[in-house]
Participant: 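Sending over a structure as structure tokens; questions will come in a sec.
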Amino acid sequence: MKFLRPTLALVVSSLALSACTLISADRAPQPVAKSQVPFGLLHRYIPQTNRGRVIFVTQPVYLLDVGDRLAPASRIVPRPVQLDAVLRELLLGPSKIESFAGYASALPKTLVLVSAVIKHKVGIINLGTRLSGLSLTQQLRAEGQLVLTSAAAGATRGVIIEVAEIPQALPLPNGKRAHFLTSAEFQSLL
């Protein structure tokens, strides 16, 4: 008897509340007048800005072609080009058409990009996971993808790859290891 009253009250209140959320479906869509759209959402400029617009540009990202060589592929990103936006496009991998044409990526699907910025023309890429779990050839290709894509985005002096904000000493195609990677070191993979 102690539990009957609260249970009954809960059931009755649930039924009352469920009736409030019932939205009947219309057979035809209801047009909304342009004057009724709030917050300037139909305006051609970004709301709350001084005539701000979003302009998109094409930016190269580097993928592996059929011969496992690094090759540029175009992606669309907002201008001004930000390194993290370009690298997020790279992490998406090849499109369906590119995959059908034989393009691939050496970057693991589980790779997490924490942050990426360019300071004084040096790209600082902070990853959530290490690349060292890959085979040496895959690791070199993955580094090449990151470095060449970053260089095309404005990191012309070089790239530092970090994991949890700790710079990593990574292998280079010449057999050495370095904390600072440049695009010149990966030209042999093109």
Side-chain angles (χ1 to χ4, degrees), residues 44-65 68-95 98-99 103-190:
R44 66 185 204 166
Y45 300 113
I46 300 171
Q48 309 299 323
T49 65
N50 185 13
R51 299 176 63 87
R53 287 182 157 182
V54 177
I55 299 172
F56 293 95
V57 296
T58 57
Q59 185 67 30
V61 298
Y62 282 81
L63 300 172
L64 297 172
D65 65 8
D68 279 338
R69 309 292 290 171
L70 293 174
S74 292
R75 295 293 184 269
I76 298 173
V77 295
R79 191 176 82 191
V81 174
Q82 299 291 323
L83 182 57
D84 64 337
V86 176
L87 291 180
R88 289 189 199 288
E89 289 293 321
L90 173 65
L91 290 179
L92 291 175
S95 67
E98 291 166 342
S99 293
Y103 283 79
S105 178
L107 296 166
K109 296 282 185 191
T110 58
L111 187 67
V112 175
L113 177 67
V114 177
S115 65
V117 295
I118 297 175
K119 293 182 181 176
H120 308 290
K121 298 187 180 184
V122 174
I124 301 170
I125 302 170
N126 188 14
L127 301 175
T129 53
R130 297 178 187 271
L131 295 174
S132 59
L134 302 171
S135 69
L136 180 60
T137 56
Q138 286 298 99
Q139 187 176 353
L140 289 172
R141 290 179 180 133
E143 291 170 20
Q145 284 183 267
L146 291 169
V147 170
L148 294 173
T149 299
S150 299
T156 54
R157 288 186 54 214
V159 172
I160 298 170
I161 297 178
E162 303 175 337
V163 175
E165 297 184 0
I166 298 172
Q168 302 295 300
L170 299 168
L172 297 173
N174 63 10
K176 297 179 182 176
R177 297 181 79 79
H179 288 89
F180 189 76
L181 310 173
T182 64
S183 59
E185 294 163 333
F186 293 94
Q187 294 300 309
S188 63
L189 300 178
L190 289 173

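Worth knowing before you read on, the calculation uses all heavy atoms, side chains too, and leaves out hydrogens, waters and symmetry mates.
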Participant: The test is side-chain contact (heavy atoms from CB on, under 4.5 Å); show your working for Leu131 and Leu146 and say whether it passes.
Facilitator: CA-CA 11 Å; Leu131 295 174; Leu146 291 169; 4.1 Å; yes
Participant: Nearest 0.5 Å, what's the CG-CG distance between Leu90 and Leu63?
Facilitator: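 So the gap between those two atoms works out to 6.5 Å.
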Participant: Tell me which pairs pass side chain to side chain donor-acceptor pair (under 3.5 Å) where either residue lies in residues 165-179, with sequence neighbours left out.
Facilitator: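 Side chain to side chain donor-acceptor pair (under 3.5 Å) check on residues 165-179 returns Arg130-Gln168.
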Participant: With sequence neighbours left out, write down each residue that passes side chain to side chain donor-acceptor pair (under 3.5 Å) with Ser105, or none if nothing qualifies.
Facilitator: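 For Ser105, the residues satisfying side chain to side chain donor-acceptor pair (under 3.5 Å) (neighbours in sequence not counted) are Gln145.
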Participant: So, taking the atom named CD1 in Ile160 and the one named CD1 in Ile124, what distance separates them when rounded to the nearest 0.5 Å?
Facilitator: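 It comes to 5.0 Å.
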Participant: State, with a plain yes or no, whether a side-chain heavy atom of Leu64 is found less than 4.5 Å away from one of Arg69.
Facilitator: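 Side-chain contact under 4.5 Å: no.
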Participant: Checking Ile76 now: which residues fulfil side-chain contact (heavy atoms from CB on, under 4.5 Å) with it, not counting sequence neighbours?
Facilitator: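 Checked Ile76 against side-chain contact (heavy atoms from CB on, under 4.5 Å); matches are Phe56, Thr58.
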Participant: Look up atom CD in Glu185 and atom CG in Leu172, then write down how far apart they are to the nearest 0.5 Å.
Facilitator: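 Answer rounded to 0.5 Å: 4.5 Å.
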Participant: Salt bridge (charged side-chain N to carboxylate O under 4.0 Å, His left out) with Glu98: which residues, sequence neighbours excluded?
Facilitator: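 Applying salt bridge (charged side-chain N to carboxylate O under 4.0 Å, His left out) to Glu98 gives Arg75.
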Participant: Suppose we screen for side chain to side chain donor-acceptor pair (under 3.5 Å). Which residues come up paired with Gln138, at least two apart in sequence or across chains?
Facilitator: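 Testing Gln138 for side chain to side chain donor-acceptor pair (under 3.5 Å), a comparison that skips the adjacent residues, returns Arg141.
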Participant: Any non-hydrogen side-chain atom of Thr182 less than 4.5 Å from a side-chain atom of Val147?
Facilitator: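 Sidechains of Val147 and Thr182: no contact.
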Participant: Using the rule given for side-chain contact (heavy atoms from CB on, under 4.5 Å), can you reason through Thr129 versus Thr110, listing the C-alpha separation, both sets of side-chain angles and the distance that settles it, and then say yes or no?
Facilitator: CA-CA 8 Å; Thr129 53; Thr110 58; 5.5 Å; no
Participant: Decide yes or no on side-chain contact (heavy atoms from CB on, under 4.5 Å) for Val112 and Leu127, but give the supporting numbers first.
Facilitator: CA-CA 6 Å; Val112 175; Leu127 301 175; over 6 Å; no
Participant: If you round to the nearest 0.5 Å, how far is CD of Glu143 from CG of Leu189?
Facilitator: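 Answer for the CG-CD pair, Leu189 versus Glu143, is 9.5 Å.
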Participant: With sequence neighbours excluded, tell me which residues meet side chain to side chain donor-acceptor pair (under 3.5 Å) with Gln59.
Facilitator: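 Result, side chain to side chain donor-acceptor pair (under 3.5 Å) vs Gln59: none returned.
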Participant: Could I get the full list of side-chain contact (heavy atoms from CB on, under 4.5 Å) partners for Ala164, not counting sequence neighbours?
Facilitator: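 Per chain and number, Ala164 pairs via side-chain contact (heavy atoms from CB on, under 4.5 Å) with no residue.
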Participant: Compile the donor-acceptor pairs under 3.5 Å between side chains in residues 113-122 and protein atoms, sequence neighbours left out, one pair per line.
Facilitator:
none

Participant: List for me each residue that meets side-chain contact (heavy atoms from CB on, under 4.5 Å) alongside Leu190, sequence neighbours excluded, and say none if there are none.
Facilitator: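 Testing Leu190 for side-chain contact (heavy atoms from CB on, under 4.5 Å), a comparison that skips the adjacent residues, returns Tyr62, Leu70, Leu148, Gln187.
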